[in-house]
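Since the model is a prediction, treat every value here as computed from it, not as a measurement. Below, read A as the first sequence line, B as the second, and so on, with proteins coming before strands; counting in each chain starts at 1.
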Amino acid sequence: MEKNIAIKAENISKIFKIDKGLKSLSFFKKDKSEINFYALKNINFEITKGDAVGLIGRNGSGKSTLLKILGGITYPTIGKANINGSCSIVMESGIGFHKDLSGYENIFTQGQIMGLNKHYIKNKLDEIINFSEIEDFIYTPIKHYSSGMVSRLSFSVIALLSNNILMIDEVLGFGDIGFHQKAIRKMKELHENGRTILTISHNLNDIITLSNRILVLRAGELIADGIPSDIIPNYIEEILLAKYKKEITTQKTIVKNIITPENNDIYGPNEIKLLKLSFADIKNLTPVQFKINNKIEIHFSLNIIKANSDWDFGIIIRDITENVIFTTSIKENKFISFSKNGIYNGFCLLPANFFNVGKFFIYPYFVNMIKKEVIPIKDFISFRTISIENSNNEINKYMGPCRIKVEWELENKR
Amino acid sequence: MKGNNYKHFWSLVFNLAERDIRVKYAQTFFGITWMIVQPIISYFMISFFFGKLLRVNQQITDYSLFAYFGMMAWYYFSYIVGYSGISLLQNQDIVQKTNIPKLVLPFSKAFSGLFEFIIWLTVGILIFFIKGNHPDFKFILIPFLIIFNMIAGLSIGLWLSAITIKYRDIYHFIPYVIGISIFITPVLYPVTMVPENIKFIIYLNPMAGIIEGYRFLILNYEMPTYKYLYGLVALLIFFLIGIYYFKRTEKKMADLI
């Protein structure tokens, strides 16, 4: 293995034998209904020293299994994991912790389990306690700590790991935003000090911050390997979504072009109801796509039950991570009122050259500025945007939900 | 593996042993005092129930101490067998989520039991002195016996810990095995009471040799026969095979547990 390679996976496969039938109570196993389950299938990659790699994939895709193999917790059925240098692997927060012992005592247990020397830990003790922000309670048994405190304490020991390779499995996902940012910054610092880090996370922002390279696993296979700006837009589902097999129940992947409530009682307050929301020209189950330089036309149909009420109708645009991008409503710019009862049809145009490539969701809502009430509708329609060239090979250097034209200028240096 | 060396192995063993001891006495009222009181009470219980009531002590000069040191060694042995036997199952999180050598876990139990053992040993020797006896040069050899005592427990404990991961029911046999072992070891009775044709079982039992060894070194009993050496050599071989077997199954432990 070359000297500058930190981690090398060679044809790694991990096969588990799963019993298909009921376990027989008799002494002899009559039916051998075992199947081979490939948790990992032929994984090959190399990680250079100093890389920061993010490992993403849905639950059950094999990420943790791969990490366990690389970290030496378990072994591949076929193939080999090569590690060049000392490595620390963190699969769980609070490893080795015992609830009856104090934070102070648990620091030593966890630190030693992670490969730190007792004297090293002693020297760094103040640093650890400071970082964890636990100070006063450090001698109290950890059974009295809040879960956030336990996570902070555990992470503070991790933060001081000195090994050259650090592998982390979703240990960064705990509570308090302030500490979370601190933890991410610390990880970045560890990387900048020359360490190779490999992180598994479902948090998009963390992955972007902590990786200069991303590996994507799906059902045990390595399906993508590249830089974040390439990978993230194309594999966003892999980062955020749940079980691979249960796509049907995952709202975000089904195609939804139209809202036509049968019982529209819940689609609005008493005075106004939503009858229909859709894109223009839809063919029922085909995903709707727009080029990013096209406007997006949205049709709607409202039933005004009480004329001249103060209710306004609008839509919320969200990206695939559920973040709101913007909201817009009918009565925003023009003075419009529903002066008569009955059905009103209308449309709105979302601007061209605004959205980046990706998938977006439109949620209808009603708002009453006088009564100060908002009724969001828990239903949506979704659309995809594609780039103008419409090629999948294009390197996507744009990140974020929007892609807007910004004017840049340089002044000549005198 | 992967950067851990011998020094770190032992450092982990001691840290985990220390953790066990601390946990045992965290939040207790009597703490270590109880650890000292226990052997003293046991001494009196043994000397009364077995010495006076059951009258086992026909040919033995000081039955109470005779039996006490037998109990001390056997108790340490059974502690190691029991606790190291379940050490892996009890620490599933460490087995499944860290890359420390799993051998650390059963070994750490041998050392957490050592703490209590030393207290028993000290109390026993003090009682010996109180009764008007004197120390002997032979005392220097006691640590060797302790190591053999530890190996005796570990050789069974290692096998058990590795096997019970896959076959959980073996775990339930442990208390029975330990219970039987006190009968086939001369803990409470002298070897002289065993009929000649069965004596070889005793000689093959390494704990028998170890216990007779304690009685020889501390209480000045007669030197145990060379026949015990068969058992001790068998013990060492069994122990080394145990480590080998453990290491072989270590690779699969994280998957099976």
Is any side-chain N of the basic residue among A:E105 and B:R22 closer than 4.0 Å to the acidic one's carboxylate O?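 Salt bridge present between A:E105 and B:R22.
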_Any salt bridge linking A:D169 with B:K97? Criterion: basic side-chain nitrogen under 4.0 Å from a carboxylate oxygen._
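Salt bridge flag = no for B:K97 with A:D169.
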- Does B:T98 reach the side chain of A:M114, with side-chain heavy atoms less than 4.5 Å apart?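 Side-chain contact under 4.5 Å: no.
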[X] side, atom [atom1]; [Y] side, atom [atom2] - distance, nearest 0.5 Å:
| X | Y | atom1 | atom2 | value |
| --- | --- | --- | --- | --- |
| B:I100 | A:I89 | CD1 | CD1 | 13.0 Å |
| A:F97 | B:D93 | CZ | CG | 11.5 Å |
| B:R19 | A:L101 | CZ | CG | 7.5 Å |
| A:K68 | B:Q96 | NZ | CD | 5.5 Å |
| A:Q112 | B:L12 | CD | CG | 6.0 Å |
| A:F16 | B:D255 | CZ | CG | 4.5 Å |

message: Test your reading of the model: is there a side-chain donor-acceptor pair from B:N99 to the backbone of A:G72, 3.5 Å cut-off?
response: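 The answer is no, because no donor-acceptor pair under 3.5 Å joins these two groups.
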With only heavy atoms counted, which part of [X] is less than 4.5 Å from chain A, the side chain, the backbone, both or neither?
| X | answer |
| --- | --- |
| B:V95 | backbone |
| B:E18 | side chain |
| B:K102 | side chain |

Just checking [X]: does its [atom1] atom have more than 12 heavy atoms from other residues, nucleotides or ligands closer to it than 6.0 angstrom?
| X | atom1 | value |
| --- | --- | --- |
| B:K138 | NZ | yes |
| A:K49 | NZ | yes |
| A:F137 | CZ | no |
| B:Y245 | OH | yes |
| A:Y145 | OH | yes |
| B:R248 | CZ | no |
| B:F14 | CZ | yes |
| B:Y244 | OH | no |

Which heavy-atom pair separates B:A254 from A:I73 by the least distance, and what is that distance?
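It is CB-O, 3.4 Å.
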Checklist entry - So what's closer than 4.5 Å to chain B heavy atoms on A:I165: side chain, backbone, both or neither? => result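 Neither part.
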Interchain contact, A:K99 with chain B, by part (heavy-atom threshold 4.5 Å):
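Contact with chain B is absent: no heavy atom of A:K99 under 4.5 Å.
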